[in-house]
Amino acid sequence: MSNTPVIKLKGISKSFGEVKANQNVDLEIMEGEILSILGENGSGKTTLMNMIAGIYYPDEGEIFIKGKKVTIASPKDAFANKIGMIHQHFKLVDVFTAADNVILGEEMPRYSIAKEYRAAKEKYNASQKKAKDFCVFALRTIALPFIKLGKKIAFNHLSGARAKSLQPIADKYGFKIKLTKKIYDMSVSEKQTVEIIKVLYRGVDILILDEPTAVLTPQEIKTLFAVLREMKKDGKSIVIITHKLNEVMEISDRVAVLRKGEHIATVKTSETNEKALADMMVGKKLDLNIDRKDPVDPKVRLEVRNLTVLNSDGLKAIDDVSFDINGGEILGIAGISGNGQKELLEGIAGLQKKESGDIIFHNPKKDKPVTFFHKTLRKIKKMAEEGFFHDPDGKKWDFKGLSNKEITRLVNEEKVLFYEDEIIDLRHRTPREIQELGIKLSFVPEDRLNMGLVGNMSIIDNMALRSYRKGKSVFVNKKRPKNLADKIIDELEVVTPSDMTPVRRLSGGNVQKVLVGREISSSPKVLMAAYPVRGLDINSSYLIYNLLNQQKEKNVAVVYVGEDLDVLLGLCDRILVLCGGKVSGIVDARKVTKEEVGLLMTRHSDNTEVNDD
């Protein structure tokens with residue numbers, strides 16, 4: 001790393017309405033360094049880098065490239081200054097190959113037949129004008145358009161030729177990728193590699209990566225970091241926007257910390273530690289301990305027996321899996337990405353096709369009143385005949401001799417109580433059917449904007465998605481969703497201009513807060529969360545951990561899918577480990593080691609109970 005700044009920001013400010021994303025930021029990026037940009041969600045990290053990349057234009061301030069003041073008003077200007085940015089959400093065409101995506105948008109050099117003709121004629125005139133040379137000249141002139149067209153076809157339409165021309169870039173930095181492979185067949189890591197090659201192909205010397213490790217496995221992160229180190233050796237300047245303190249300490253030379261849009265400090269990584277950086281991010285001392293309490297009288301809430309779930313291609317993603325989920329505990333799901341975590345949760349939630357098995361829900365209804373919200377009068381009368389209900393004194397209800405009007409009054413006065421919990425098989429139920437049965441099952445999916453929320457809808461409207469069917473009018477009542485939206489914004493510290501802001505305009509961390517807040521607000525009996533802290537800063541992550549612990553104390557059965565083994569061991573009571581769609585172990589999180597869990601993640605085991613006595 002040299003002491004020469006390749007980029008210097010001076011007094012950069014940017015606002016969106018009343019929200020000040022960046023305020024008077026001064027920052028330097030050195031030649032041949034890896035700089036981490038660290039900060040909480042909404043601290044202005046991505047906005048600041050977007051101004052360097054030409055996505056946004058600063059309201060105030062100046063940008064200098066190698067000492068020269070420049071204007072960057074578009075990504076084209078950024079490329080002209082050898083700056084490229086890899087965004088958190090990739091911008092690739094799925095049906096194209098990697099090579100297609102790399103060259104997409106590139107203009108071919110103009111071709112002039114007249115120019116080529118003059119060159120060929122001069123060569124002929126320079127000869128002794130033999131008949132043989134004239135024939136060659138004439139044939140070449142006639143063939144010129146076809147020769148040029150052939151070259152153009154070879155570059156633009158023959159994937160092998162395109163991939164061959166791009167292979168030297170991949171080889172130089174150690175990228176392991178097949179450039180003729182279609183994007184829709186690629187893993188997240190491979191897609192990210194295509195994005196990096198795309199900007200390197202355009203000659204960038206300054207590379208910005210927004211949350212590059214958010215959806216990568218530990219092995220893929222290791223590979224990415226090796227590539228970034230090779231790029232650094234080649235003199236490239238690399239900026240990483242991240243929340244992960246351990247990765248900051250591992251990969252970066254310096255760390256720039258932003259808080260509430262302001263640049264707090266830039267420090268050498270070798271002269272700081274995770275605790276100091278965390279305190280700097282939030283402006284106060286943080287307690288980085290998860291308060292895990294022992295489960296109190298855990299009871300089975302969900303039984304999963306011999307479950308087999310098929311993925312979108314009809315293949316077994318979950319193969320003959322059995323386990324219990326208890327109320328009042330947090331069950332962690334561990335495994336290398338793509339080993340069935342997503343399909344398992346979606347299968348339970350009714351979103352994936354189940355080939356076989358049972359999902360038995362124990363609905364906690366004992367001594368609680370029946371309501372007409374999920375039961376019709378006809379259904380209640382039938383259940384009474386089967387002995388499901390009793391009155392407040394414990395006497396069995398059979399409703400013999402009572403009119404419909406009298407039964408309705410008793411139900412509304414909450415005098416018709418369940419004898420025992422309801423036992424319901426969810427295997428063939430859709431999400432709507434599960435909701436209509438009165439089963440409060442909440443799901444925070446891995447894909448926030450495609451499955452969890454509607455990006456173009458406001459925060460209020462996304463709250464209404466959970467409750468609009470409860471309305472008594474053809475018009476949706478926005479009062480309750482608005483109150484809920486405002487409560488979530490306040491309690492979870494969601495950074496947004498207003499509750500009417502479309503969620504797609506929020507940062508990734510704030511989108512996650514909106515989704516988790518909405519799902520918890522429904523007072524679930526089972527709460528399943530897939531990577532709920534992915535993309536969140538450390539302060540927000542601990543806020544989510546505390547929310548999950550609060551649900552556990554309310555006797556909710558919590559399922560937590562995570563990628564950080566330290567968090568899984570510190571937050572969960574038991575951990576189910578998946579490998580190849582099968583259960584390789586169910587372990588006591590208080591007794592097992594990280595190494596033992598890591599071993600289970602890479603092999604199957606006949607003994608699925610380890611340290612679970």
Side-chain angles (χ1 to χ4, degrees), residues 296-297 299-303 327-328 349-350 359-443 460-461 463-487 518-527 550-551 553-557:
V296 178
D297 190 25
K299 294 182 180 178
V300 175
R301 185 70 67 237
L302 207 62
E303 294 180 69
I359 304 169
I360 308 299
F361 179 69
H362 294 256
N363 205 12
K365 291 290 188 179
K366 186 175 181 179
D367 297 327
K368 292 183 180 179
V370 70
T371 69
F372 285 117
F373 184 71
H374 299 294
K375 299 283 190 292
T376 63
L377 179 61
R378 182 178 178 182
K379 178 68 173 174
I380 290 172
K381 289 170 69 177
K382 183 177 179 182
M383 290 178 71
E385 292 173 3
E386 296 171 356
F388 277 91
F389 305 126
H390 65 84
D391 67 13
D393 296 325
K395 184 181 177 182
K396 178 182 174 182
W397 277 120
D398 58 16
F399 297 150
K400 288 181 179 178
L402 298 180
S403 67
N404 289 349
K405 184 176 181 181
E406 288 174 305
I407 296 172
T408 301
R409 177 181 59 80
L410 290 169
V411 170
N412 289 334
E413 291 177 359
E414 299 187 349
K415 291 181 179 180
V416 181
L417 310 177
F418 282 89
Y419 265 122
E420 299 292 342
D421 292 348
E422 283 188 297
I423 309 298
I424 305 171
D425 192 344
L426 304 184
R427 178 184 164 190
H428 299 292
R429 308 286 185 177
T430 66
R432 179 176 292 186
E433 288 171 341
I434 291 172
Q435 186 181 28
E436 289 173 349
L437 284 168
I439 299 172
K440 294 186 176 181
L441 189 153
S442 291
F443 179 34
I460 292 175
D461 289 339
M463 296 301 110
L465 290 176
R466 265 283 185 181
S467 59
Y468 75 91
R469 291 192 188 93
K470 296 180 183 180
K472 297 179 180 179
S473 167
V474 294
F475 299 102
V476 176
N477 187 336
K478 293 286 188 75
K479 186 176 180 180
R480 287 183 65 185
K482 177 175 172 54
N483 291 340
L484 177 58
D486 292 341
K487 180 182 178 183
R518 186 192 69 187
E519 293 304 299
I520 288 177
S521 70
S522 64
S523 301
K525 297 303 177 187
V526 177
L527 172 62
Q550 289 170 17
Q551 294 301 302
E553 292 173 14
K554 293 177 181 178
N555 205 35
V556 175

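For the numbers below, each heavy atom of this structure counts, side chains included, while hydrogens, waters and symmetry mates do not. None of these values were measured; they are calculated from a predicted model. Along the sequence shown, residues are numbered consecutively beginning with 1.
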Discussion item. Quick check on the 6.0 Å ring-centre criterion: do Y419 and F389 meet it?
Written reply: no
Fill in: Distance, nearest 0.5 Å, that separates CG of L417 from CG of D393
10.0 Å
Worksheet item: Under 4.5 Å between any side-chain heavy atoms of F388 and V370, yes or no?
Response: no
Worksheet item: So, for H362 and V300, which heavy atoms are closest and what is the spacing to 0.1 Å?
Response: CB-O, 3.6 Å
Fill in: Pair N555-K299, side-chain contact (heavy atoms from CB on, under 4.5 Å): steps then yes or no
CA-CA 9 Å; N555 205 35; K299 294 182 180 178; 5.9 Å; no
Discussion item. Using every non-hydrogen atom in the two residues, find where K396 and A384 come nearest and quote the distance to one decimal.
Written reply: CE-O, 4.4 Å
Discussion item. Any heavy-atom pair between the side chains of I359 and R429 that's under 4.5 Å?
Written reply: no
Discussion item. Tell me whether H390 contacts the main-chain N or O of V416 through its side chain, where contact means a donor paired with an acceptor under 3.5 Å.
Written reply: no
Practice prompt. For the pair L465 and R518, evaluate side-chain contact (heavy atoms from CB on, under 4.5 Å) and give the outcome as yes or no after the intermediate values.
Written response: CA-CA 10 Å; L465 290 176; R518 186 192 69 187; 3.9 Å; yes
Discussion item. As an exercise, state the distance from CG of L441 to CZ of F361, rounded to the nearest 0.5 Å.
Written reply: 7.0 Å
Worksheet item: Can you tell me how far the CD1 atom of I407 sits from the CG atom of N412, to the nearest 0.5 Å?
Response: 12.0 Å
Item to complete: Quick one: pull up NZ in K482 and CG in D461 and give me the separation to the nearest 0.5 Å.
Response: 11.5 Å
Worksheet item: Would a 4.5 Å heavy-atom cut-off, applied to side chains only, mark Q551 and P524 as touching?
Response: yes
Fill in: Gap between atom CG of L377 and atom CZ of F399 - 0.5 Å precision
8.5 Å
Discussion item. Just by distance, no angles: are the side chains of N404 and K381 close enough, under 3.5 Å, to form a donor-acceptor pair?
Written reply: yes
Worksheet entry | Nearest atoms (heavy-atom pairs only) where G401 meets E406 | O-OE1, 4.3 Å
Worksheet entry | Nearest heavy-atom neighbours spanning E414 and P369 | CB-CB, 3.8 Å
Item to complete: Rounded to the nearest 0.5 Å, what's the gap from CE on M383 to OG1 on T376? Could you check?
Response: 10.0 Å
